[in-house]
Amino acid sequence: MDRKTNGKATSGNQAEGLEFIQLNMQHSRAAAAGMTKNLSKMKKGICLLQEPWCSNGAVRGLSGGQEPLYAKGKGNPRACIWATRGINIWFWPHLSTRDLAVALVVVGTKDVVVASAYMPEGKKEKEPPPREVRTLVDFCEEHKLALVIGTDTNCHHQTWHSKKTDKRGEELLEFILSSRLEIVNQGREPTFWTRRGNEIIDLTMASWDIAEEIQEWRTTEEQSLSDHRIIRFKMFQEIMEDQTMGRNVRHTNWTAFKKTLDKELGDRERKRDVESVVTNFNEAMQTSFEESTREKKATRKRNVPGWTPEVKELFRKSKQALRRAWREGGAAWNLVNIAARRFRRALKKAKGESWKTFCAEAESTTAANRVFKIIGGNRSRAPVAIKKEDGTFCVTPEESLEQLMLAHFPVMEDQLERTTSFIRKEIPEGIITKEKVRAAISSFGPYKAAGVDGIYPIMLQKGGDAVIKELVGIYKTCLRYGYVPEAWQRVRVVFIPKPGKSDTSDPKAVRPICLTSFVMKGLERILDWFIRDHCLRLRPLHLSQYAYRRGVGTETALHQLVSRLEKTVIDDGQMALATFTDIQGAFSNVFVHRMIE
């Protein structure tokens, strides 16, 4: 459907793209449940929400996607952005307020700033748009960034087909005309509809350089469980079409994989240097995986808890009642209220029963861990624009990543030097055997996240004797010469937010997790066993050493410290003085050669 259409919903085959939903939820819990259902059907989608359901300053009721993005610590937010998992979206806390949520979305090589804005009306409110929206528009113009804003304006003007024009509408239109913004609303369908009347007050605005990318903008007839209607549109259809293809390691034909791998390893020219051997091995694994795993479009289907057949039927009836009220008006709106009330009661009851069943069936450690994460509020979090040392914020994701890398992986010249002369060393007999290599790769979870080389543990486990033979030779060579191949030195770094950190824009508020090659991890596991079973038996670690000892850790150290203080103060009646020292970035800044000495 072209942007020049009348803005009504269409049917038929549609090109895929980055989907958007825009809605004022009016603080409705039922609307949050409906939005969760909508998001579960979206492959790649972003929701621009105003007046979400909140409790104690936090957005509630939205599950199944990434963590909702909004300004925290400023009362109940009236604007937030919510995205499906897999969307490369960066939250901008420095430009976000209670009534404005801002984020940067990366799609292919294109960056676009998306914002959800609520423009309150009242005697105490200034003329629209609010100061924070003006600041955002000026910022995007200064840095030449494309901008899309979904907003409940509470403004009326005949330019966007409102029934009347008021002073707020004139002020907003004057701002739009003086900036690089364009109203992309299409048609005359109302965005706000109650028994007292209907009006167009919800607008989608975009900067001139991105407005043409917005396709299929329309006001839908879906039940939103709010007085506002759901707005949908799409962007970047050609780019998103390319990004939906992929291979799932869980759907690999392992018989075909092993047959192809045996052929690949047998046909390749035998190399003597370890770099070439590792490169050939990785290429053989990847080729075998690609030929034995079908490439297909990624699908996203998720059952939303609590949506039983009874709840779905009541939701369908509420939609019917709403459409009847739009046609007939008057007393038909009473039926809308009755149907919505029945749906909310049934949904609340079904969700409670679903939660009880889920907790009762959580018998395994994995299931219990899921319950713990849900209660603790652990969600898939979007990255945040990082604050620089001078107090300014990074604009692009590349700048933020550079700041994170400098903070957690400082470059030291002595660590960049590579040894070019190899000295052959004798290794202990029996340290690398086929049995130990097989046991090492079998000890990994089969579907653990792969490193940069894309080799999952199950690929090594299903490779058979040919993989074991190759790994034995590689491990012995690396250990004999004390050499780590370059392919193993490339790692995928994931930054995990630290719990309890309020300022998430601080580089130190995250912890880096390095996903290294499982081929290298196999050698590490074997050496770990050798150190524990042989070296530490001859020369055990000191009892005050709590790292690298089974059965002890941080809790053990704290318990012994507290016990010692209690004995000194309570039992012996003496004074105690404790000094705690923290070396910032100790492992990141250590000199390796000094540690060895």
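Side-chain atoms are counted along with the backbone in the values below, which use heavy atoms only and exclude waters and symmetry mates. What you see is a predicted model, and the numbers here were worked out from it, not measured in a lab.
- A donor-acceptor pair is defined here as one N or O able to donate and one able to accept, closer than 3.5 Å; no such pair exists between the side chain of Glu264 and the backbone of Met285.
- Remark: Ser96 engages Ala71, Phe91, Val102 in a side chain to side chain contact (heavy atoms under 4.5 Å, CB included) (not counting sequence neighbours).
- In this structure a side-chain-to-backbone donor-acceptor pair under 3.5 Å is present from Lys351 to Pro305.
- Proximity of Phe289 to Leu261: side-chain heavy atoms (C-beta onward) are nowhere separated by under 4.5 Å.
- In this structure, Lys356 fails the cation-pi test against Phe358, since its NZ or CZ atom is not both closer than 6.0 Å to the six-membered ring centre and inside 45 degrees of the ring normal.
- Of the possible donor and acceptor atoms, one in the side chain of Gln66 sits under 3.5 Å from a partner among the backbone N and O of Ile87.
- In this structure, Phe495 and His408 have tilted ring planes: the angle between them lies in the 30° to 60° band.
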Can you give the donor-acceptor pairs under 3.5 Å from side chains of residues 509-524 to other protein atoms, not counting sequence neighbours?
from, atom 1, to, atom 2, distance (Å)
Ser517, OG, Asp453, OD2, 2.6
Ser517, OG, Val519, N, 3.1

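- Ser276 pairs in a side-chain hydrogen bond (donor to acceptor under 3.5 Å, both in side chains) with only one of the listed residues (Asn280, Asp273, Thr279), which is Asp273.
- Using a 30° and 60° split on the angle between ring planes, Trp92 and His94 fall in the tilted class, from 30° to 60°.
- Under the side chain to side chain contact (heavy atoms under 4.5 Å, CB included) rule, Met25 has a single partner from Cys47, Pro52, Cys80, which is Pro52.
- Between the Arg532 side chain and the Arg549 main chain, no donor and acceptor come within less than 3.5 Å of each other.
- Put simply, the side chain of Gln489 gets close to the backbone of Val484: a donor and an acceptor are under 3.5 Å apart.
- Distance alone, capped at 3.5 Å, is enough to place a donor-acceptor pair between the Thr84 side chain and the Gly45 backbone.
- Within the 3.5 Å criterion, the main-chain N or O of Glu275 finds no donor-acceptor partner in the side chain of Glu486.
- Annotation for Arg294: atom CZ does not count as buried by contact number, only 12 or fewer foreign heavy atoms lying within 6.0 Å.
- Applying the 6.0 Å contact sphere to CD of Glu399 captures more than 12 heavy atoms from other residues, nucleotides or ligands.
- Judged by distance alone, the side chain of Gln286 and the main-chain N or O of Gly454 form a donor-acceptor pair under 3.5 Å.
- For the pair Glu353/Trp355, no side-chain contact is recorded, criterion being any heavy-atom separation below 4.5 Å from C-beta on.
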Exercise. Before giving the answer on side-chain hydrogen bond (donor to acceptor under 3.5 Å, both in side chains), spell out for Thr260 and Ser288 the whole-Å C-alpha distance, their side-chain angles and the decisive distance to 0.1 Å.
Key: CA-CA 5 Å; Thr260 305; Ser288 303; 5.3 Å; no

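- Not one N or O on the side chain of Thr252 forms a donor-acceptor pair closer than 3.5 Å with the backbone of Thr293.
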Worksheet entry | Intermediate values then yes/no, side chain to side chain contact (heavy atoms under 4.5 Å, CB included), Phe530 and Lys436 | CA-CA 10 Å; Phe530 178 79; Lys436 289 184 178 180; 5.6 Å; no

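- Side chain of Arg492 to backbone of Ala450: a donor-acceptor contact under 3.5 angstrom is found.
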